[in-house]
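Worksheet for the structure shown next.
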Amino acid sequence: MAPEKIEPGKEPARVSAGALKAYIGRAFAAVGIPSGDATVLADLITEADLRGSDTHGVFRMPQYCKRIKAGGANPRPVLRVIEERPSTALVDGDNGMGHLAMKLAAETAIAKARQTGIGWVGARMSNHAGPAALYAMMPLAHDMIGLYFAVGSNNHLPPWGGIESLLGTNPVAVAVPTMDEPPVVMDMSPTVAAYGKVRLKASRGEEMPVGWMIDRQGQPLTDPKRADEGSLLPIGAYKGYALSLIIGLLAGPLNRAAIGRDIVDFVKHPEAATNTGQSIVALSVEAFGPVAEFKRSVDTMVRAIRESPRLPGVERIWLPGEQSHTKRLDRAKNGIPIPPPLRKSLDELARELKIDPVV
């Protein structure tokens, strides 16, 4: 059966953030996750959708629940800090949901940065944790800069010039606090498109743009249903490949987590533990000087960029994270768009788990 296509120009129905949180909480409770953890997960996953990370929010619920039911993820993990120094630590996620491991990692990094100026905390035996920006932004409330690195949950990027996909869409995010402007938040993969966007195109029955993927002969691949026949393209050619490798080394082997041929594709193998590795860094602005002075300086730069001369046809220059901030304001007020294919998927999950659907 072909995926349902979205009619051009038709606005999807919206649901409130509260309704989405409640649905996510019900779903996780149905697969055995304790209520406290289910609430944390619902908050973080809904925040992903509020910020417009549509491929890393509620869209992932069927996959998350499938992995838990198949035994690939632990619904009742016991999180532990297994290595610790004044400025560093390593969290063992006990194969639970990655969101839980990374929340603990971020909180630990912030506490360390408060004492020493910097906290670098890694995680192992974790899982997919949603968008990188969720965690890079956690230090912002403490007048800290946040950095996040992760090993992707499957390999879709070969080394430059090769055909074996040994690397993932390993994300990196950096969040910088501001005074009056929205925070500057970069969240990116080292590939032209993250693989979640390929899945989203497939679910919507849409073609991919030329430049996202190539086949094994190096020719453009635009049919997302044939994605297994090719690989993603890195940003900046060989530079994106190098960036993916370095991110992977910082989040994988440094944390005694998987990389390369040890990566388990969490979609194809829902029954298997992935030993996903992630890292979060919290950097105290105060350790370098007055916080207010730094924030005013960032605001000045933000406004200089936004107000700088534009090319013909360009209506606005955006700062990293600004569009996500704008989407969050809109979605918090008007609801989160749920396209028909996503609604169908969530309704099917509700029937499978015998819970109330999203309302």
Side-chain angles (χ1 to χ4, degrees), residues 37 44 64 67-68 70-113 116 118-132 134-136 138-139 146-157 159 164-174 189-190 195 241-283:
D37 286 350
L44 289 170
Y64 290 154
R67 282 188 51 75
I68 292 167
N74 181 2
R76 293 177 174 268
V78 178
L79 307 183
R80 296 180 299 133
V81 175
I82 58 173
E83 300 285 352
E84 190 164 20
R85 302 289 188 276
S87 293
T88 62
L90 179 62
V91 170
D92 189 303
D94 196 24
N95 196 34
M97 291 291 293
H99 307 68
L100 302 175
M102 284 316 301
K103 183 174 183 290
L104 174 60
E107 291 168 348
T108 304
I110 290 164
K112 289 183 174 298
T116 68
I118 185 171
W120 183 308
V121 180
R124 69 182 304 274
M125 287 305 295
S126 182
N127 274 288
H128 190 274
L134 283 182
Y135 310 101
M138 286 183 178
L147 299 90
Y148 173 90
F149 315 98
V151 180
S153 298
N154 34 43
N155 286 340
H156 296 291
L157 178 68
E164 182 183 358
S165 291
L166 290 169
L167 297 165
T169 54
N170 301 339
V172 56
V174 181
S189 71
Y195 201 75
Y241 142 64
L243 182 59
S244 177
L245 174 60
I246 294 302
I247 294 168
L249 294 175
L250 292 176
L254 186 61
N255 298 330
R256 289 148 50 194
I259 195 173
R261 293 188 176 121
D262 292 331
I263 291 291
V264 173
D265 188 321
F266 76 146
V267 176
K268 293 180 179 177
H269 299 286
E271 78 291 348
T274 61
N275 190 16
T276 298
Q278 295 126 337
S279 293
I280 178 80
V281 182
L283 185 63

Filter on salt bridge (charged side-chain N to carboxylate O under 4.0 Å, His left out), then keep only pairs touching residues 257-266, sequence neighbours left out; what's left? E164-R261
Minimum heavy-atom separation for [X] to [Y], with atom names?
X    : Y    : result
A136 : A173 : CB-CB, 3.7 Å
A273 : M125 : CB-CE, 4.4 Å
A101 : S126 : CB-OG, 3.7 Å
T116 : S87  : OG1-OG, 2.8 Å
P77  : G93  : CB-O, 3.5 Å
G119 : A113 : N-CB, 3.7 Å

Please report the interatomic distance [atom1]([X]) to [atom2]([Y]), rounded to the nearest 0.5 Å.
X    : Y    : atom1 : atom2 : answer
H99  : D37  : NE2   : CG    : 12.0 Å
S189 : H156 : OG    : NE2   : 11.5 Å
L44  : L134 : CG    : CG    : 6.0 Å

Does any part of the side chain of [Y], heavy atoms only, come nearer than 4.5 Å to the side chain of [X], both counted from C-beta?
X    : Y    : value
Y241 : L166 : no
I280 : M138 : no
L167 : L245 : yes
N255 : S279 : yes
M97  : N127 : no
M102 : Y148 : yes
V281 : F149 : yes
L90  : R256 : yes

Flag, side chain of [X] to backbone of [Y], donor-acceptor distance under 3.5 Å:
X    : Y    : answer
D94  : L79  : no
S244 : G168 : yes
R80  : D92  : no
N170 : G152 : yes
Y195 : N154 : no
R67  : N74  : no

Has K112 got more than 12 heavy atoms of other residues, nucleotides or ligands less than 6.0 Å from its NZ? yes
For S165, which residues count as a side-chain hydrogen bond (donor to acceptor under 3.5 Å, both in side chains) partner, sequence neighbours excluded? none
Listed partners of H128 passing ring-ring contact (aromatic ring centres under 6.0 Å, His included), at least two apart: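 H128 satisfies ring-ring contact (aromatic ring centres under 6.0 Å, His included) with H56, Y64, F266 once adjacent residues are dropped.
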Salt bridge flag under 4.0 Å for residues R124 and E83: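 Result for this pair is no, no salt bridge flagged.
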